[in-house]
Protein chains: 2
Amino acid sequence: MSALAHEKRLEIFRLLVKRGPDGFAAGVIAEKLGLPAATLSFHIKELDRAGLVAARQDGRFIHYSANFAVMRALIGFLTDNCCSLAESARATNCSPLTQPVRRKRA
Amino acid sequence: MSALAHEKRLEIFRLLVKRGPDGFAAGVIAEKLGLPAATLSFHIKELDRAGLVAARQDGRFIHYSANFAVMRALIGFLTDNCCSLAESARATNCSPLTQPVRRKRA
DNA sequence: TTCATATTTCCATTATCATGGAATTATGAA
DNA sequence: TTCATAATTCCATGATAATGGAAATATGAA
């Protein structure tokens with residue numbers, strides 16, 4: 001949850017989401033965002049610990065890509081906490097995004 | 001985005017979501033979560049800055065309640081960043097929670 | 001091997017956040 | 001007013017996170 005709290009990490013993650021499954025090599029991310037290699041490595045490790053990105057070795061390069069499943073789980077968690085738990089909030093302006101969301105649908 | 005990163009703040013927010021529109025007085029929240037008044041005040045101010053809670057004065061009490069609109073905006077933001085932006089991710093396991101979500105539906 | 005490059009780890013420094021007692025402010029009651 | 005209480009602000013202290021150069025590690029190329 002806190003992995004996306006840092007602005008740089010959010011930038012990294014958004015970049016990878018836009019990129020799709022191929023991902024970017026660490027150095028490319030660092031260059032695109034103007035980060036020193038060590039700093040990028042630090043942040044991407046945080047994202048990795050949170051399971052938000054996946055690493056794939058490709059020769060000397062390590063490609064990082066966004067993990068959509070974990071992202072959806074996070075969204076589901078927030079959705080649950082916004083709507084499903086709020087018994088007394090049913091009558092308020094807390095309408096679900098679309099349908100009521102069950103926890104961790106397959 | 002980072003306001004919910006802190007565990008105590010997430011607890012506070014969840015408590016308020018479950019409570020609904022009436023909210024709880026600051027002291028009640030502090031007591032329920034076992035937090036000193038100053039600490040609670042610090043965290044709830046963060047939530048307030050993020051727009052995640054609303055404050056309503058009631059005599060000497062200040063009632064805090066969850067702001068569902070901002071919560072939904074946050075979920076919408078995450079949903080957009082998971083699915084809508086990812087052109088190349090369409091073919092991956094990134095399926096929207098239900099229907100494609102348009103930004104900030106009324 | 002040797003070299004070049006990609007990435008990470010190390011680590012000292014800095015910055016930011018969190019904590020909570022005490023003082024302060026704000027409000028209603030007596 | 002005066003008092004009691006709710007809540008915030010102040011502030012010193014401690015904890016955690018971020019930064020990035022330099023060194024170490026890893027991998028493929030020559």
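Letters go in sequence order (proteins before strands), and every chain restarts at 1.
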J.: For the atom pair NE2 (A/H6) and CD1 (A/I12), what is the distance rounded to the nearest 0.5 Å?
T.: 9.0 Å
J.: Once you apply a heavy-atom cut-off of 4.0 Å, does A/Q57 come out as touching a base, just sugar-phosphate, or nothing?
T.: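 Sugar-phosphate only.
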J.: Among the nucleotides C/dA22, D/dG21, C/dT8, which one has an atom lying closest to any side-chain atom of A/P36?
T.: D/dG21
J.: Counting just side-chain N and O atoms, does B/T39 come under 4.0 Å of either OP1 or OP2 of C/dA18?
T.: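 No, no such contact exists.
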J.: In whole angstrom, give the distance that lies between atom NZ of B/K45 and atom P of D/dT9.
T.: 5 Å
J.: If you check every side-chain atom of B/H43, which of C/dA18, D/dA17, D/dG21 has the closest atom?
T.: C/dA18
J.: Can you sort out the partners of A/H63 under ring-ring contact (aromatic ring centres under 6.0 Å, His included), two or more places apart, ordered by chain and number?
T.: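 In terms of ring-ring contact (aromatic ring centres under 6.0 Å, His included), with neighbours along the sequence ignored, A/H63 is linked to no residue.
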J.: Could you tell me the separation between the NZ atom of B/K8 and the C1' atom of C/dA18, rounded to a whole number of Å?
T.: 9 Å
J.: Can you confirm whether more than 12 heavy atoms, excluding those of A/E7, are under 6.0 Å from its CD atom?
T.: no
J.: For B/I44 and A/H6, take the nucleotide of DNA chain D holding the closest heavy atom to each; which residue's nucleotide lies nearer the 5' end?
T.: B/I44
J.: What is the distance, to the nearest angstrom, from the CZ atom on A/F42 to the C1' atom on C/dT13?
T.: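 After rounding, the reported distance stands at 14 Å.
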J.: Quick check: on DNA chain D, is the nucleotide nearest A/D58 upstream (toward 5') of the one nearest A/E46, or the reverse? Name the residue that is more 5'.
T.: A/E46
J.: Measure the distance from CG on A/L40 to C1' on D/dG21 and round it to the nearest whole Å.
T.: 16 Å
J.: What is the distance from NE2 of B/H63 to C1' of D/dA7, rounded to the nearest Å?
T.: 12 Å
J.: With A/R9, which of A/V53, A/L52, A/L47 fulfils side-chain contact (heavy atoms from CB on, under 4.5 Å)?
T.: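 Between A/R9 and the candidates, side-chain contact (heavy atoms from CB on, under 4.5 Å) is satisfied uniquely by A/L47.
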J.: What integer distance in Å separates A/Y64:OH from C/dT8:C1'?
T.: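 For the pair A/Y64 OH and C/dT8 C1', the rounded distance is 8 Å.
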J.: Just how far, in rounded Å, is P of C/dA18 from CD1 of B/I12?
T.: 11 Å
J.: Could you please spell out the steps behind the salt bridge (Lys or Arg N to Asp or Glu O under 4.0 Å) verdict for B/R49 and B/E46?
T.: CA-CA 5 Å; B/R49 279 201 315 146; B/E46 292 296 301; 3.1 Å; yes
J.: Any heavy-atom pair between the side chains of A/I62 and A/R56 that's under 4.5 Å?
T.: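 Side-chain contact under 4.5 Å: no.
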J.: Figure out the CD/P separation between B/E7 and D/dA15, and round it to whole Å.
T.: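 Going from B/E7 (CD) to D/dA15 (P), I get 18 Å.
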J.: Output one line per pair: protein atom, nucleotide atom from nucleotides 1-6 of chain D, and distance, for all N/O pairs under 3.5 Å.
T.:
from	atom 1	to	atom 2	distance (Å)
D/dA4	N3	B/R60	NH1	3.4
D/dT5	O4'	B/R60	NH1	3.3
D/dA6	O3'	B/R60	O	3.4

J.: Is there side-chain contact between A/L33 and A/K8, with at least one heavy-atom pair below 4.5 Å?
T.: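 Heavy-atom side-chain distance check fails, nothing below 4.5 Å.
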